[in-house]
Amino acid sequence: MVYENEWGWGAKTGLFYAGTNLACFIWCWFRLPETKDRAFGEIDLLFENRIPARKFRTARVNQFAHQSDVTGKAGNEHVENVA
């Protein structure tokens with residue numbers, strides 16, 4: 001991209017990488033969940049109950065709550081969304 005014999009973009013090459021960086025930043029902002037100070041069990045429950053990634057930080061999780069049904073599947077009573 002930089003060489004004049006090839007594409008000849010010169011300093012405009014930075015715009016290409018800035019656009020790629022912007023697309024990655026937008027994806028990270030909306031799609032990567034916040035897992036700071038969360039145990040692996042809590043993260044599993046958040047994914048099981050399909051809590052949106054943007055709400056991971058504010059959702060309250062009780063991974064040690066008793067399961068309500070006999071099948072062993074986690075119910076919605078383990079995760080409370082506080083928004």
Side-chain angles (χ1 to χ4, degrees):
M1 288 186 200
V2 179
Y3 296 122
E4 290 184 21
N5 296 345
E6 300 297 324
W7 289 8
W9 285 16
K12 295 177 188 173
T13 305
L15 297 174
F16 173 77
Y17 290 108
T20 305
N21 189 17
L22 179 66
C24 290
F25 178 77
I26 291 171
W27 181 85
C28 288
W29 182 263
F30 288 105
R31 298 294 296 167
L32 278 180
E34 176 62 53
T35 58
K36 181 182 176 188
D37 297 330
R38 293 274 189 198
F40 290 122
E42 292 175 340
I43 296 169
D44 285 342
L45 284 174
L46 289 169
F47 278 116
E48 267 183 33
N49 291 307
R50 299 189 181 271
I51 302 297
R54 299 277 315 246
K55 297 181 181 178
F56 266 36
R57 187 170 33 144
T58 59
R60 293 185 191 163
V61 179
N62 186 0
Q63 66 179 345
F64 300 111
H66 294 291
Q67 296 175 352
S68 61
D69 57 340
V70 181
T71 61
K73 293 182 181 179
N76 288 334
E77 69 274 359
H78 298 289
V79 178
E80 178 184 333
N81 194 0
V82 181

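Keep in mind it's a predicted model, so treat the numbers as computed, not measured. Below, all heavy atoms of this structure are taken into account, side chains as well, without hydrogens, waters or symmetry copies.
Once rounded to the nearest 0.5 Å, the distance linking CZ of Phe56 with CG of Leu32 reads 10.5 Å. If you take NZ on Lys36 and CZ on Arg57, they are separated by 9.5 Å, rounding to the nearest 0.5 Å. The line from OG1 of Thr20 to CG of Leu15 is 10.5 Å long, rounded to the nearest 0.5 Å. Rounding to the nearest 0.5 Å places CD1 of Ile51 at 13.0 Å from CZ of Arg60. Within the model, atoms CG of Asn62 and CZ of Phe64 stand 8.0 Å from one another, a figure rounded to the nearest 0.5 Å.
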Apply the test side-chain contact (heavy atoms from CB on, under 4.5 Å) to residues Gln63 and Asp44: give CA-CA distance (whole Å), side-chain angles for both, the deciding distance (0.1 Å), then the verdict. CA-CA 9 Å; Gln63 66 179 345; Asp44 285 342; over 6 Å; no
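Summarising the geometry of Phe47 relative to Pro33, their closest heavy-atom pair is CZ-CG, 4.0 Å, with the distance given to 0.1 Å.
By the rule that hydrophobic residues join a cluster once side-chain heavy atoms approach within less than 4.5 Å of another member, Leu46 and Phe40 end up as members of separate clusters. Two different hydrophobic clusters hold Tyr17 and Leu22 under the rule that ILVMFWY side chains link at heavy-atom gaps under 4.5 Å.
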